[in-house]
Amino acid sequence: MTVTDPETQAGWVPEAEEADEAEEMPLSLRLSIADTLTLGNATCGFMAVYFTTTGILIPHLQGSAESGMARHSAATAVILMLAAAIFDLFDGLVARKLRSSPMGAELDNLSDLISFGLAPAYFVLVYGMVADDAHQRVAAVGAIVVLLAVVLRLARFSCVTVKDGTFQGMPSPFGALTVVSIVLLELPFVATVLAIVGTAWLMVSRVEYPKPRGPLAVAMLGWIVAAMGLLAAWAFDAPGGQLLLQTGCALQLVLGAVIPLFATARRVNNFRGNRREARAAQLP
């Protein structure tokens with residue numbers, strides 16, 4: 001027969017439980033797989049700023065006439081923004097399939113602010129400093145408008161609930177890629193600034209954009225990979241690389257303009273359909 005000391009047992013069990021609880025990391029501090037992808041998004045955005053500074057801005061301030069280095073750095077910076085968009089696409093998919101930590105939403109907003117707010121705004125700012133026909137102060141205002149539009153859009157996204165499957169306003173990754181596409185098109189300065197401000201307005205507008213799920217997510221991923229290929233061809237001065245890049249940038253602008261038109265047309269059709277149903281219901 002085994003004799004157990006009640007006082008010893010009572011004193012030992014709580015100590016074991018306290019030790020287990022001390023070794024267990026708080027749930028709020030755990031990083032999920034989706035959170036790791038989100039941090040990859042932030043890293044890409046920071047490195048885009050780095051390459052824009054070291055490969056474009058600093059050589060320009062030092063009076064370097066090496067255009068190839070600036071082209072390579074610009075392509076690398078935009079490719080990193082595209083890679084950030086891929087991380088942003090997959091962290092949402094992984095979070096829905098597996099799980100996300102309590103920090104997931106906050107990490108996502110902060111990373112998006114770096115990659116799709118700071119990085120493209122800084123790209124516009126540097127463009128205003130290095131382009132021949134640009135005005136630095138006007139370009140700085142355009143860069144601030146882009147940054148503030150992303151800040152407002154992300155803040156509204158955290159506070160406003162919209163119907164499932166849609167975004168209110170142009171998504172910040174799509175907006176960032178549209179902004180850098182406008183710069184790479186090398187349009188006249190006034191047209192460039194107006195197009196950038198228009199894109200910023202779309203990001204804070206109430207125009208509905210579909211969320212990238214299912215076939216749309218696959219199409220977006222394919223478009224991002226294709227854009228990376230166009231940038232690489234342009235960076236290494238491949239035959240027709242300049243024309244291919246301009247074609248891709250123009251297509252990005254067309255998509256940015258067409259999607260709001262389709263969304264507006266769909267809203268008008270839904271409104272008319274509801275009015276017809278209301279009138280039919282009122283008939284005797």
Side-chain angles (χ1 to χ4, degrees), residues 37-38 40-52 55-56 68 70-94 111-112 114-117 119-124 127 146 150 165 167 170-187 192 195-196 198-199 202-203 209-263:
L37 295 174
T38 303
N41 171 5
T43 302
C44 288
F46 174 77
M47 293 305 297
V49 173
Y50 169 79
F51 278 100
T52 303
I56 303 176
R71 186 170 64 248
H72 290 168
S73 298
T76 302
V78 180
I79 286 174
L80 284 165
M81 293 184 213
L82 290 166
I86 292 178
F87 278 117
D88 185 63
L89 177 64
F90 276 100
D91 70 0
L93 296 175
V94 171
S111 298
D112 286 355
I114 296 171
S115 298
F116 312 125
Y122 187 71
F123 198 81
V124 172
Y127 154 75
V146 171
V150 175
F167 288 117
M170 179 183 286
S172 52
F174 194 90
L177 299 183
T178 304
V179 167
V180 297
S181 296
I182 293 169
V183 175
L184 293 175
L185 266 177
E186 298 180 354
L187 300 171
T192 298
I196 288 172
T199 303
L202 284 174
M203 283 193 279
Y209 284 77
K211 288 187 177 181
R213 295 178 180 175
L216 184 59
V218 175
M220 179 173 291
L221 179 61
W223 170 242
I224 292 174
V225 173
M228 287 180 169
L230 295 177
L231 285 162
W234 173 66
F236 291 101
D237 203 16
Q242 180 73 24
L243 178 60
L244 288 173
L245 178 67
Q246 290 181 344
T247 302
C249 292
L251 182 57
Q252 177 71 29
L253 265 66
V254 169
L255 290 174
V258 167
I259 292 177
L261 294 178
F262 274 112

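By the side chain to side chain contact (heavy atoms under 4.5 Å, CB included) test, Ala217 pairs with Leu89, Pro212, sequence neighbours left out. Every residue two or more places apart in sequence or in another chain that forms a side chain to side chain donor-acceptor pair (under 3.5 Å) with Thr178 is listed here: Gln252. Shown here are the side chain to side chain contact (heavy atoms under 4.5 Å, CB included) partners of Ala48, two or more places apart in sequence or in another chain: Ala77, Leu80, Met81, Ala119. Judged as a side chain to side chain donor-acceptor pair (under 3.5 Å), and not counting sequence neighbours, Gln246 has no contacts. Taking Ala42 as the reference, Ser111, Ile114 meet the side chain to side chain contact (heavy atoms under 4.5 Å, CB included) condition, with sequence neighbours excluded.
The two residues Phe87 and Cys44 come nearest to each other via the heavy atoms CE1-SG, 3.7 Å. Leu82 and Ala227 make their closest contact through CD1-CB, 3.9 Å (heavy atoms, listed as atom of the first residue, atom of the second, distance). Nearest heavy atom pair, residue Ser181 against residue Leu253, reads CB-CD1, 3.8 Å. Across all their heavy atoms, Pro171 and Phe167 have their closest contact at CG-CD1, 3.6 Å. What you find for Ile79 and Ala232 is that their closest heavy atoms are CD1-N, 4.4 Å. When every heavy atom of Tyr209 is checked against every heavy atom of Gly256, the shortest pair comes out as OH-O, 4.0 Å.
Annotation: the span from Ile196 atom CD1 to Phe123 atom CZ amounts to 10.0 Å, rounded to 0.5 Å. Rounding to the nearest 0.5 Å gives a distance of 9.5 Å between OG1 of Thr76 and CE of Met47. To the nearest 0.5 angstrom, Ile224 atom CD1 is 10.0 Å from Phe174 atom CZ. Distance check: Leu37 CG to Phe90 CZ gives 9.0 Å after rounding to the nearest 0.5 Å. Atom CD1 of Ile56 is separated from atom OG of Ser73 by 6.0 Å, given to the nearest 0.5 angstrom. To the nearest 0.5 Å, the span separating CG on Leu230 from CG on Leu251 amounts to 9.5 Å.
Applying the side-chain hydrogen bond (donor to acceptor under 3.5 Å, both in side chains) test to residues at least two apart or on different chains, the pairs with a partner in residues 82-93 are Thr38-Asp91.
Using a 4.5 Å heavy-atom cutoff, the side chains of Thr192 and Tyr127 are in contact.
With Ser115 as the partner, the side chain to side chain contact (heavy atoms under 4.5 Å, CB included) test is satisfied by one option alone out of Asn41, Thr43, Val150, Val49: Asn41.
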